[in-house]
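In what follows, a single structure is set out as structure tokens and then discussed.
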Protein chains: 2
Amino acid sequence: MSFPDRGLSERKKQILKAIVDAHIEGGGPVGSKYILQNQHLTCSSATIRNEMAELEEMGYLEQPHASAGRVPSELGYRFYVDSLLEHYAMTTAEIAQINNLLKAKMGELDQILLAASNLASSLTNYTGIAIKPRFRSVSISKFELIFLSADHYILVAVTSTGAVKSKHLRGKTDVTPTALSKLAASFNRHLVGLSADRITLPIIMRIEEEMGEDAGIVGSAIKTVYGLLSEMDEGEMRVSGIDRLLQYPECSDVGQLQELLGTLEKKEDILDLVSRTESNGINVVIGSESEVKVMNNSALVFKPILQDGKTVGAIGIIGPRRMDYAKVLATLEGLSGNIANLMQANNQLNGGFSDGGNEKDGNA
Amino acid sequence: MSFPDRGLSERKKQILKAIVDAHIEGGGPVGSKYILQNQHLTCSSATIRNEMAELEEMGYLEQPHASAGRVPSELGYRFYVDSLLEHYAMTTAEIAQINNLLKAKMGELDQILLAASNLASSLTNYTGIAIKPRFRSVSISKFELIFLSADHYILVAVTSTGAVKSKHLRGKTDVTPTALSKLAASFNRHLVGLSADRITLPIIMRIEEEMGEDAGIVGSAIKTVYGLLSEMDEGEMRVSGIDRLLQYPECSDVGQLQELLGTLEKKEDILDLVSRTESNGINVVIGSESEVKVMNNSALVFKPILQDGKTVGAIGIIGPRRMDYAKVLATLEGLSGNIANLMQANNQLNGGFSDGGNEKDGNA
DNA sequence: ATTTAGCACTCTTCTTTTGCGAGTGCTAAA
DNA sequence: TTTAGCACTCGCAAAAGAAGAGTGCTAAAT
């Protein structure tokens, strides 16, 4: 995936980097003179022009029109991200902010991700996304049935990913607490660990058999479980900070903006892209690199969130192609680290309140 | 609330209505000549000009600049919506669409609302919102504690609004299934029906007393309950079809668009507005009418969704001030009717699958 | 007293023009 | 291989011009 550095002299690299940096900062095309001033090079602008011409020929730069400066191409950005990027160190203030805000919002994974995406958005000033990927196979690791009234109960399921899902149910025949706990036991015996496509008829029959004369409620309960599992498969995506998209001049082109908003709205493509990604590190998708239709002039940076080695979500940033990659990468890296810590802490303390985490006295 | 019709002659009304209609359709200022052509009036353009001048003086119309046509003012829209609006009949095709799509998505309230907002958005071509309002006071009507492992359990609570919430908990001391069921019983005895602010120390002490030597887990569990209740208070809002905002020329003004997007993002204001509304019918908020800061040139139309006489949510539409009110009102009306039906059906059938499983009994 | 026709006037908007400046490519010298 | 110099090309922005739409007003007509 990475490009051979040979073929790009040190000077060319320096010039390329200077152009990308300048373009990220200013947004406009960058000319030879500007580089000469802001970069101490021992050559003249003419030389730089020559180098630029070559870089353009190689595909790293583009010229919007004949007599403008150069703009990095997609390839140019790719090279920049892969090889030229200097790491951006987060200020301690930023780190503190992450810690505080995340702690305050600590709770279920969904909420953590959402908060993280918000935070990412406000720290970087781009649009943040929080993703719960599609799971190829979720299963349920624990069932519970809660009796409410003679014809009304609730099915609660703890999924293999740790989420808790529930559904209201009405039995067509009356239900009893006893029957419910029998059913729960039976479910726990037979359905735990099964993904939606592995709930087969023989299993259902076995459960009905065990339920004896209370078999009447099995049908709808199983259907509900099935639905729950399919629902989990779906994946979800939340966007925060859309308004920030507008700050960037390239988005004043309404057509492009609409396309991007549409993509953010549909979510399908992005969800697909993220769900299919295997890397656990930070991914940078620039423009049309991926077969997935992300807007032509924008880039998506995202990082999967792992729990016990499994991907349980992702946070990311969407912005213009010329985004400040150094900062974005650092922010996501920092955030994901904090999330990991939090989740661990969360597991070890109680259900999610930031009361200082100290559990010595145990009451309010 | 409504305006005295006297003071507005029939002809003035007709002219005002014509202007609003034309402005809704075209978006630009409308002139006297245009009205003359599209409206059969027995007078000349000069007369219309005179009338328009008077209408402007009364505050129903505005002139963007000296020699443009007139544009309805906020007041003009208000009068239009209150008195002039002709009812728009939904086509059977649209009704069928609502029915089908909603049925397919039937499930928990959240999902119904979301689907409805999507649908509203695509039917009207404006931006849809789905709202779960802040509840002044939620309480919990049933507790259940699920044992997972020696130091790990789940608290499940059914709220007075019918939602089910859950939290993972870790006890600082080991827990036993027995202790958990004792605690659940105790919670059900003492905490049911209480809103967050009415969980007081004496109650907590009573529970701890009842738990005897297992009192150690009470503290964190109570805190969780408390947090759950506050969380419910929060309200939530989802937006769909943001990209549609861009279709309207008034949004090409980036500044305004950004303001509107910001509002949609913050959600606070809108949530406030909706939560505070008492009317059960359709509400139309135009521009800056409300003290709440909705964007100046846009309008919000929403309708609360009732269940057993209580407001459990709302669906709405956000669009430019010059939106097609007739259509929007009809769509929301239709949707809310369907949602009501669905929720009822949902209650009478099983937990959320449209398998046609027919049930006899049903109470709320 | 109301309505109408006519006309001058005012503003916006669209297009065209013009000038400027930034930046390039090329050539010839170092 | 690098540099200095220069003519050339474009895009951008302000200025100028032309076109049109719509009004307000006045004076005549009903």
Side-chain angles (χ1 to χ4, degrees), chain A residues 7-16 18-23 25-73 76 249-250 252-253, chain B residues 7-16 18-23 25-73 76 249-250 252-253:
Chain A
L8 239 56
S9 69
E10 262 322 303
R11 191 169 61 192
K12 276 204 182 56
K13 279 195 216 169
Q14 189 178 358
I15 290 177
L16 178 53
I19 291 180
V20 177
D21 281 336
H23 182 251
E25 180 158 342
V30 184
S32 54
K33 209 169 175 183
Y34 179 91
I35 291 183
L36 189 61
Q37 283 166 345
N38 294 55
Q39 207 80 12
H40 24 58
L41 282 166
T42 71
C43 61
S44 77
S45 68
T47 310
I48 296 180
R49 279 202 291 282
N50 287 333
E51 296 280 47
M52 279 160 71
E54 285 180 49
L55 279 170
E56 179 171 4
E57 211 159 308
M58 297 186 217
Y60 294 106
L61 294 180
E62 282 167 359
Q63 229 174 349
H65 57 85
S67 93
R70 300 307 208 289
V71 161
S73 68
E250 33 271 90
S252 55
D253 174 356
Chain B
L8 239 56
S9 68
E10 264 323 303
R11 190 169 63 193
K12 278 204 181 58
K13 280 194 214 167
Q14 190 179 358
I15 291 176
L16 178 53
I19 291 179
V20 177
D21 282 337
H23 183 252
E25 180 159 341
V30 357
S32 54
K33 210 168 173 184
Y34 179 89
I35 292 183
L36 190 62
Q37 284 166 345
N38 292 55
Q39 207 79 12
H40 24 58
L41 282 166
T42 70
C43 61
S44 78
S45 70
T47 308
I48 295 179
R49 277 201 293 282
N50 287 333
E51 296 279 49
M52 281 161 71
E54 286 179 47
L55 280 169
E56 179 171 6
E57 212 158 306
M58 296 187 220
Y60 294 107
L61 294 180
E62 282 168 358
Q63 231 174 347
H65 58 85
S67 94
R70 301 304 206 290
V71 162
S73 69
E250 32 271 90
S252 55
D253 173 357

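Each chain gets a letter, A, B and so on, in the order the sequences are listed, and its residues count up from 1. Because the structure is a prediction, the values reported are computed rather than measured.
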Whole-Å distance between D:dG22 C1' and B:Gln37 CD? 13 Å
Contacts of B:Ala66 and B:Glu51 projected onto DNA chain C by closest heavy atom; the upstream (5') one is B:Glu51
Determine whether any donor atom in the side chain of B:Arg70 lies under 3.5 Å from an acceptor atom in the base of D:dG24, or the reverse, and answer yes or no. no
Looking at every heavy atom in both B:Val30 and B:Met52, which two are closest together, and how far apart are they? O-CE, 3.9 Å
Taken to the nearest whole Å, CD1/B:Ile35 to P/D:dG22 is 10 Å
Mark yes or no for whether B:Ser73, through its side chain, and B:Gly59, through its backbone, hold a donor-acceptor pair below 3.5 Å. yes
Atom CG of B:Asn50 to atom P of D:dA27: distance rounded to whole Å? 15 Å
Could you grab the distance from atom CD1 of A:Ile48 to atom CD1 of A:Ile15, nearest 0.5 Å is fine? 5.0 Å
Atom-to-atom span, CE of B:Met52 to P of C:dT3 - whole angstrom: 16 Å
Tell me which nucleotide among D:dC10, D:dT3, D:dT23 gets nearest to the side chain of A:His65. D:dC10
Whole angstroms only, please: what is the CD-P distance between B:Glu57 and D:dG24? 11 Å
Whole angstroms only, please: what is the NZ-C1' distance between B:Lys33 and C:dG6? 13 Å
Check this for me: does the side-chain of B:Ser67 come within 3.5 Å of the base of C:dT10 through a donor and an acceptor? yes
Counting only Watson-Crick pairs (N1-N3 plus N6-O4 or O6-N4) and G-U wobbles (N1-O2, O6-N3), all under 3.5 Å, who is the partner of C:dT27? D:dA4
Both A:Ala53 and B:Arg11 contact DNA chain C. Which one's nearest nucleotide lies toward the 5' end? B:Arg11
More than 12 heavy atoms from other groups under 6.0 Å of NE2 on B:His40: no
Which part of the nucleic acid does B:Ser32 contact within heavy-atom distance under 4.0 Å: base, sugar-phosphate only, or nothing? sugar-phosphate
Distance in angstrom units between B:Gln63 CD and D:dT23 C1', rounded: 7 Å
Any N or O donor-acceptor pair under 3.5 Å from the base of D:dT3 to the side chain of A:Ser44? no
Sugar-phosphate, base or nothing in reach of B:Ala46, heavy atoms under 4.0 Å: base
Could you tell me the separation between the CD atom of A:Gln37 and the OG atom of A:Ser32, rounded to the nearest 0.5 Å? 10.0 Å
Spacing between B:Arg49 atom CZ and C:dT3 atom P, to the nearest angstrom: 14 Å
State whether A:Thr47 places a side-chain N or O below 4.0 Å from either non-bridging phosphate oxygen (OP1 or OP2) of D:dT3. yes
